[in-house]
Amino acid sequence: MDPALEALGEFGLIDLIRRRVQHRSSGMVLGIGDDAAVLAPERDGELLVTTDMLLEGVHFQRGWGCPRELGRKALAVNVSDIAAMGGSPQHALLGLAIPTDGPSLAELEAMLDGLEEEAERYGVTLVGGDTCGSQSGLVLAVTLLGRVAGGRALRRSGAKPGDSLWVTGRLGASAAGLLALERGLRPAAGWPADVPRPGWLGAGEEAAIQAAIQAHLTPIPRLQAGQALVGCARAMIDVSDGVASDSRHLAAESEVTVRVLATQIPIHPGALVMARLTGREPLDLALRGGEDYELLFTAAADPRPVLAAAAPDLPVSRIGEVATGPAVPVLVHGDGREEILAGGFNHFRSPGRSVPNVGAGRSGPSFG
Ligand code: ADP
Ligand code: MG
């Protein structure tokens, strides 16, 4: 253990966290320092509560050396869940398990800086948490509370036959960034000397890989877009496990068939490059890689005017439609072939986040 951290001790570290936290949200009566935080309930609206953890060896490798990004991501993935309900994030709790073999106090401070930076961006106040020693790896477990107008939360269950299916951003970036990190590439660094570089890979391709690495390390939750879609989208989910998995959730909860058009999937340029570099299908990375934290939603009306006003720089693509039929997602290929859209990330079916569960769709049952 870092001697500086050992000297500080658990309560010293909690004190350090407490001193750096800024108060940004309304409704907090008492924050860090007592047995529980005190929050004043608001008169109207509904409370949203979500939690997501990041585990060393499953979601990240400490060897990548990006503690600031890790702190940002721990909050961002939770903001993404609030965004996917159409809400506003307010108060966060941080569960921290720290292994004896690191990180150093300096790395922990960088992590907390990243978390505070992200909290500031989204108007969130850290109001409490828990701090423990860990026997096996670093864990960051954030719980986030937010608000949404009464009865307005966007659920997975609202999709209706006749809706169109939309997704924000470009898919496959996070999976591509992960593949790049696993190959030894690092953010804002040149090409590593020990990694073979193919002749076709120019400056543009390298920039696309760097963008993918950024997307993996610091995903941007689509908060303005999510809030703007209240009253427009009928069902919504954030893409945490891949469109294959997440469209399955929409189909199951809404009891409809979700038809995904393969030719309409917006694939991130970094995913095209990493697919070529590793001999994978770009579409596979885009549909089954996961962790893109884009919004996947259905709507009866065209959502583009609403999104153009709320998030003008965010691309949005119509990638399919909702139909009556079995409650499954169906992938429609350009030649008209249809199959059940299988695969996507599942924690109990693959070796861990560090290996994207791509390719699982090929053995899936055919449809039609
Ligand atoms: P208790 O033993 O009563 O649960 P703790 O010693 O665990 O209290 O925590 C003391 C205070 O510090 C509490 O307000 C708690 O919410 C806060 N706290 C502990 N760990 C963290 C953390 N990692 N991040 C933010 N607040 C924390
Ligand atoms: Mg406690």
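Atoms within each ligand, like the ligands themselves, are counted from 1 in listed order.
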Point to revise | Residue Glu255 excluded, over 12 heavy atoms near CD under 6.0 Å | key: no

Practice item. Please indicate whether Arg152 has more than 12 foreign heavy atoms, meaning atoms of other residues, nucleotides or ligands, lying under 6.0 Å from its CZ. Key: no

**Study point:** More than 12 heavy atoms of other groups within 6.0 Å of Ile220 CD1
**Key:** no

Review point. By number and element, which atoms of ligand 1 are closer than 4.0 Å to a non-hydrogen atom of Thr131?
Key: 19 (C), 20 (N), 21 (C), 22 (C), 23 (N)

Review point. Looking at Glu294 and Arg170, does any basic side-chain N land under 4.0 Å from a carboxylate oxygen?
Key: no

Check your understanding: Where the closest heavy atom to atom 13 (C) of ligand 1 is concerned, which of Leu126, Ile32, Asp34 has it?
Key -> Asp34

Point to revise | Mode of Ile17 contact toward ligand 1 - side chain, backbone, both, neither (heavy atoms, under 4.0 Å) | key: side chain

Exercise for review: Go through ligand 1 atom by atom and flag the ones less than 4.0 Å from a non-hydrogen atom of Phe11.
Suggested key: 6 (O)

Review point. Backbone, side chain, both or neither: what part of Ile14 comes under 4.0 angstrom of ligand 1, heavy atoms only?
Key: side chain

Review point. Do any nitrogen or oxygen atoms of Gly33 come within less than 3.5 Å of a nitrogen or oxygen of ligand 1?
Key: yes

Check your understanding: When clusters are formed by joining ILVMFWY residues with side-chain heavy atoms under 4.5 Å apart, either directly or through shared neighbours, do Val77 and Leu145 land in the same one?
Key -> no

